[in-house]
There are 2 protein chains.
Amino acid sequence: MKKNDNQEVEAVMPDERAVDSRAEAFVGVRAARRNELAEDYVELIAELIYAKGEARPVDIATKMGVTAPTVAKTLDRLAREGLITRAKYRSVFLTEEGRALAKECRHRHEIVLRFLLSLGLDLETAERDAEGIEHHVSDRTLALFAAFADGSRVDRRNLMGEALRSN
Amino acid sequence: MKKNDNQEVEAVMPDERAVDSRAEAFVGVRAARRNELAEDYVELIAELIYAKGEARPVDIATKMGVTAPTVAKTLDRLAREGLITRAKYRSVFLTEEGRALAKECRHRHEIVLRFLLSLGLDLETAERDAEGIEHHVSDRTLALFAAFADGSRVDRRNLMGEALRSN
DNA sequence: TAGACAAGTTAGCCTTGTCTAACTTTTGAT
DNA sequence: ATCAAAAGTTAGACAAGGCTAACTTGTCTA
């Protein structure tokens, strides 16, 4: 492939490190994407059970914004993967593994949400963004988010205190 | 569907607002997910062109961690969607629309990355998380991220200044 | 208790994203 | 100028996630 045909790229100016250190990230991100839907389902099922005592496919469909057959197919997959149990024409239940996953997802979601809110975001937007972001936050970042959300007020006080003391 | 079969949900405790206000988010998130791959490709293509003068399928494949035929099929789709142009056995080029998208993605990526770094995250992790997060950040949140990243030092100074003045 | 209606399922189709295997074109070194 | 290796393409398989249409089961009310 000859290096002819050059193209102007005025608009886009990545810095040096970009091309190489970003490369490996893609693989990991795509891996994360594969589990997103399962996590969303499991989390939603847990919420429905908590809120209504059961998780019915029709409610899952409504909340997820998809049709009933889509839900059925996805639930079959989740059952195959051991996250839920189901019987024909009945509600869905989480296995131990499913509950563990739901709990973990809930935890991440809570932290991301609190973090966004503590940053000054409105609830609507925070809720929506948290839904998308929560699946892509490493443990390290999550810890930082948690610390920030919990500590932002305290930090300010500390900072002011220090400023006062140090003068 | 009778409301029998109840299940213990000790582990998972969503608060009241959760079930309803989170619902609508899913639809939006799924919409965002559809464009992620296209955005990743376009951004990568822009970077390759910038860094090497051209974007070859083989490099895209390496960076994305997939095989050549996968890249070929995806590039066909991007071409169909008007984001790139390509000729058989040649490198790939961005259309105006593709360049615009790449620029926008780059911009988001930069902000998210700077934000994560300013939060104290190491470069590796920040890079990886930014890759996943950037597609799920609303304009509102992005603005907040940008302000935080740019202003965290300034804020501290202001805060200290205020603390001093107000006493 | 009988049906009507709501909920759930099944079948079949489409698109995307992934792969391997096999083939063709381009490039570059001798 | 030739030809081997690298790059690119095509064909075909498969799973996931989505849909509509048509059928079955459960529930609840008259």
Side-chain angles (χ1 to χ4, degrees), chain A residues 1-5 26-42 44-45 48-49 52-93 132 135, chain B residues 1-5 26-42 44-45 48-49 52-93 132 135:
Chain A
M1 307 301 130
K2 225 168 38 195
K3 277 208 178 187
N4 54 353
D5 327 305
F26 287 123
V27 178
V29 172
R30 264 180 310 110
R33 279 175 201 162
R34 273 200 301 274
N35 302 312
E36 286 182 40
L37 198 69
E39 290 179 6
D40 287 343
Y41 267 75
V42 164
L44 176 56
I45 290 166
L48 285 169
I49 291 174
K52 311 192 169 190
E54 65 174 354
R56 292 147 78 227
V58 68
D59 291 326
I60 298 172
T62 303
K63 297 291 184 187
M64 294 292 302
V66 296
T67 61
T70 298
V71 170
K73 212 186 266 191
T74 304
L75 291 180
D76 284 343
R77 175 168 75 87
L78 299 185
R80 222 187 309 137
E81 292 172 359
L83 292 170
I84 64 169
T85 56
R86 57 194 311 238
K88 265 195 176 185
Y89 299 101
R90 309 238 75 111
S91 294
V92 176
F93 300 98
H135 305 286
Chain B
M1 308 301 131
K2 224 168 39 194
K3 277 207 178 188
N4 54 355
D5 325 307
F26 287 123
V27 178
V29 172
R30 263 182 311 110
R33 279 174 200 162
R34 272 201 302 276
N35 301 313
E36 286 182 40
L37 198 69
E39 291 179 5
D40 287 343
Y41 267 75
V42 164
L44 176 56
I45 289 166
L48 285 169
I49 290 174
K52 311 193 169 190
E54 65 174 354
R56 293 146 79 227
V58 68
D59 291 325
I60 298 174
T62 304
K63 298 289 184 189
M64 294 291 302
V66 297
T67 60
T70 299
V71 169
K73 212 185 266 192
T74 304
L75 291 180
D76 284 344
R77 174 168 75 88
L78 298 186
R80 222 188 308 139
E81 291 172 0
L83 293 170
I84 64 170
T85 56
R86 57 192 312 231
K88 265 197 178 184
Y89 299 101
R90 307 238 76 111
S91 293
V92 176
F93 301 98
H135 306 285

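Values below: every heavy atom of this structure, side chains too, minus hydrogens, waters and symmetry copies. Here is the naming used below: chain letters follow the sequence lines, and residue numbers restart at 1 for every chain.
Between A/Arg77 and D/dG17 there is a side-chain N or O to OP1 or OP2 distance below 4.0 Å. For D/dC19, one of the phosphate oxygens OP1 or OP2 lies less than 4.0 angstrom from a side-chain nitrogen or oxygen of A/Thr70. Here B/Arg80 reaches the OP1 or OP2 of C/dT16: one of its side-chain N or O atoms lies under 4.0 Å away. For B/Arg56, no side-chain nitrogen or oxygen approaches OP1 or OP2 of D/dA6 to under 4.0 Å. The side chain of A/Thr74 places no N or O atom within less than 4.0 Å of a non-bridging phosphate oxygen (OP1 or OP2) of D/dG17.
As a whole-Å value, the separation of A/Asn35 CG from D/dA15 C1' is 15 Å. In this structure, A/Leu78 atom CG and D/dA15 atom C1' are separated by 14 Å, rounded to whole Å. We find that CZ of A/Arg34 is positioned 19 Å from P of C/dT16, with the value rounded to whole Å. With rounding to whole Å, B/Lys73 atom NZ is found 8 Å from C/dT18 atom C1'. One can place OH of B/Tyr89 at 8 Å from C1' of D/dT10, the figure rounded to the nearest angstrom. In this structure, the CZ atom of A/Arg33 is 16 Å from the C1' atom of D/dG17, given to the nearest Å. Following rounding to the nearest Å, A/Glu39 (CD) and D/dG17 (P) show an atom-to-atom distance of 12 Å. In this entry the distance linking CD1 of B/Ile60 with C1' of D/dT9 reads 15 Å, nearest Å.
For the side-chain contact (heavy atoms from CB on, under 4.5 Å) with B/Leu78, the qualifying choice from B/Ile84, B/Thr85, B/Leu37 is B/Ile84, the only one to do so. Each of A/Met64, A/Lys63, A/Arg77 was checked for a side-chain contact (heavy atoms from CB on, under 4.5 Å) with A/Tyr41, and the lone residue meeting it is A/Met64.
Among the nucleotides D/dG8, D/dT27, D/dG18, the one closest to the side chain of A/Val66 is D/dG18. Ranking D/dG8, C/dG12, C/dT10 by closeness to the A/Ala72 side chain, first place goes to C/dT10. The A/Thr67 side chain lies nearest to D/dT20 when the options are C/dT9, D/dT20, C/dT25.
For A/Arg86 and B/Leu37, each mapped to the nucleotide of DNA chain C holding its nearest heavy atom, the one lying further toward the 5' end belongs to A/Arg86.
Minimum interatomic distance between B/Val92 and B/Ile49 (heavy atoms only, all atoms of both residues): O-CD1, 3.9 Å. The two residues A/Val27 and B/Gly65 come nearest to each other via the heavy atoms CG2-CA, 4.0 Å.
For a distance-only test at 3.5 Å, the side chain of A/Lys88 fails to qualify as a donor-acceptor partner of the base of C/dG8.
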Using the side-chain contact (heavy atoms from CB on, under 4.5 Å) rule, take A/His135 and A/Asp40 through it: C-alpha gap first, then chi angles, then the decisive distance, then the call. CA-CA 9 Å; A/His135 305 286; A/Asp40 287 343; 2.8 Å; yes
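A 3.5 Å limit on both hydrogen-bonding distances identifies D/dT10 as the Watson-Crick or G-U partner of C/dA21.
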